[in-house]
Student: 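My questions will all concern the structure given below.
A, B, ... follow the sequence lines: proteins, then strands. Residue 1 opens every chain.
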There are 2 protein chains.
Amino acid sequence: MSEDFGKLIRQARKIKGYSQRELAKILKIDFTYLSKLENNRADYAPKEDVIRGLARNLDIDEEELIYLAGRIPHQEEELLKQHYKSMPALFRRMRENPEFAKQVLQEVANTEEK
Amino acid sequence: MSEDFGKLIRQARKIKGYSQRELAKILKIDFTYLSKLENNRADYAPKEDVIRGLARNLDIDEEELIYLAGRIPHQEEELLKQHYKSMPALFRRMRENPEFAKQVLQEVANTEEK
DNA sequence: TATTTTAGCTTGAACAAACAATCAACTTAA
DNA sequence: TTAAGTTGATTGTTTGTTCAAGCTAAAATA
């Protein structure tokens, strides 16, 4: 589990003024599990549903939280398949050349008209 | 499982002149499982190891086959986490605007000096 | 002020569900 | 009559979550 995933959800929970038990109840998960998530003590990332539940109730962007957890949103799997021939290059390039990654992501962020 | 994953590995196997049993033996998987993979009858994508084994023995690019199977190579998970804030935009943009996707991927492919 | 609640949190062990692969039985073509 | 391939049922493994037990600090109570 990501180092910052736990930090982020704990912080967000506190801002919302929930105790772990309160939030866990809303999400219908065990509060001890939420504790583990906040401490990055869960061996594996939660399921997408759980992550989305967290995001919704904590006013975090759902997709962002999914990526932060090290998952890829289910709906994007199609994209991977469709572009399977060029994806490896894209990812390798972004990994090996952080400047490039920054540039591409910047570009996308800019052209986005929210 | 991807529509073309099965087709691709079956085709590649035939080119190599293997029967399902022969190839399965090399990969140390059950030949009936290989059959299912070729027919896209396996409910879930194989593990990364199995995909890599297939790719190696069938002269397919390992990463490409992983993406085609709808998975993301383990080593790339870090990248997702690192850029969790901008990834959603990138993927959404690529999904919603195939032209954009093409362009970005082209660009990467071109600047790659193999 | 010492003592007992209580509210919030953490952790290892146990468990359940989802996922990945095999087994047993069959079909077909050669 | 065997070599190749398919399929539904079953099983094994990994992943995701809960359970049982306990810790700590701050309030309440004596």
Side-chain angles (χ1 to χ4, degrees), chain A residues 1-3 5-55 57-58 62 65-75 77 80-81, chain B residues 1-3 5-55 57-58 65-74 77 80-81:
Chain A
M1 278 293 309
S2 154
E3 168 62 14
F5 181 88
K7 270 192 193 157
L8 181 59
I9 61 174
R10 164 165 284 155
Q11 185 196 223
R13 171 176 66 81
K14 294 206 159 153
I15 289 170
K16 298 288 268 183
Y18 291 134
S19 71
Q20 287 181 347
R21 283 163 214 251
E22 284 169 341
L23 178 57
K25 186 156 203 176
I26 293 170
L27 299 176
K28 278 172 240 176
I29 61 174
D30 197 278
F31 71 94
T32 68
Y33 184 41
L34 180 54
S35 171
K36 280 179 189 173
L37 293 178
E38 287 187 357
N39 292 289
N40 305 303
R41 281 269 175 346
D43 292 350
Y44 307 97
K47 291 223 178 120
E48 194 169 315
D49 307 19
V50 174
I51 301 176
R52 286 190 187 278
L54 281 163
N57 287 279
L58 296 176
E62 295 187 28
L65 196 57
I66 293 173
Y67 285 105
L68 183 58
R71 289 205 184 285
I72 203 159
H74 221 68
Q75 58 176 139
E77 279 172 21
L80 299 181
K81 290 181 192 173
Chain B
M1 279 291 311
S2 157
E3 168 63 13
F5 181 88
K7 271 192 191 156
L8 181 59
I9 61 175
R10 165 165 282 154
Q11 184 196 223
R13 173 176 65 80
K14 293 206 159 152
I15 287 171
K16 297 289 267 183
Y18 291 135
S19 71
Q20 287 182 347
R21 284 164 215 252
E22 284 169 341
L23 177 57
K25 186 155 201 176
I26 294 169
L27 299 175
K28 278 173 242 176
I29 63 173
D30 197 277
F31 71 95
T32 69
Y33 184 44
L34 181 53
S35 171
K36 280 178 189 173
L37 293 178
E38 288 187 356
N39 292 289
N40 304 303
R41 281 271 177 339
D43 293 349
Y44 306 95
K47 294 225 177 115
E48 193 169 315
D49 307 17
V50 174
I51 301 176
R52 287 189 186 276
L54 280 163
N57 286 278
L58 297 175
L65 196 57
I66 292 172
Y67 286 105
L68 183 57
R71 288 204 184 286
I72 205 158
H74 218 69
E77 277 172 24
L80 299 181
K81 289 182 193 172

Student: Under 4.0 Å: is that the gap between some side-chain N or O of A:Arg10 and OP1 or OP2 of C:dT10?
Tutor: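 Checking A:Arg10 against C:dT10: at least one side-chain N or O falls below 4.0 Å of OP1 or OP2.
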
Student: Would you mind classifying the nucleic acid contact of A:Ser35 as base, sugar-phosphate or nothing, using non-hydrogen atoms under 4.0 angstrom?
Tutor: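 A:Ser35: base contact, heavy atoms under 4.0 Å.
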
Student: Counting only side-chain nitrogens and oxygens, does B:Arg71 get under 4.0 Å of the OP1 or OP2 atom of C:dC19?
Tutor: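 So the side chain of B:Arg71 is outside the cut-off, no N or O lying under 4.0 Å from OP1 or OP2 of C:dC19.
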
Student: Has the side chain of B:Thr32 got a donor or acceptor that lies under 3.5 Å from a partner of the other kind on the base of C:dC23?
Tutor: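 By the distance-only test, yes, there is a pair.
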
Student: Nearest nucleotide by nearest heavy atom, which residue falls closer to the 5' end of DNA chain D, A:Arg21 or B:Phe31?
Tutor: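 Looking at DNA chain D, the more 5' nearest nucleotide goes with B:Phe31.
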
Student: Starting at the 5' end of DNA chain D and moving along, which residue's nearest nucleotide shows up first, B:Asn39 or B:Lys47?
Tutor: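 Going by which nucleotide is closer to the 5' end, it is B:Asn39.
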
Student: Let me know which of B:Leu68, B:Ile9, B:Leu37, B:Leu65 forms a side-chain contact (heavy atoms from CB on, under 4.5 Å) with B:Ile51.
Tutor: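 Exactly one pass, corresponding to B:Leu65.
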
Student: Using only side-chain N and O atoms of A:Gln20, determine if any of them is under 4.0 Å from OP1 or OP2 of C:dT10.
Tutor: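 Indeed, a polar side-chain atom of A:Gln20 lies that close.
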
Student: Output the rounded distance in Å from CD (A:Glu38) to P (C:dC9).
Tutor: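 So the two atoms are 7 Å apart, to the nearest Å.
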
Student: Separation of B:Ile51 atom CD1 from C:dC19 atom P, in whole Å?
Tutor: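 My rounded result for the distance is 15 Å.
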
Student: Here's one to test your reading of the geometry: is the NZ or CZ of B:Arg13 within 45 degrees of the ring axis of B:Tyr18 and under 6.0 Å from its centre?
Tutor: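 No, B:Arg13 does not lie over the aromatic ring of B:Tyr18.
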
Student: Below 4.0 Å from chain B heavy atoms, what is the first contacting nucleotide of DNA chain D and what is the last?
Tutor: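 So the outermost contacting nucleotides come out as D:dA4 to D:dT14.
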
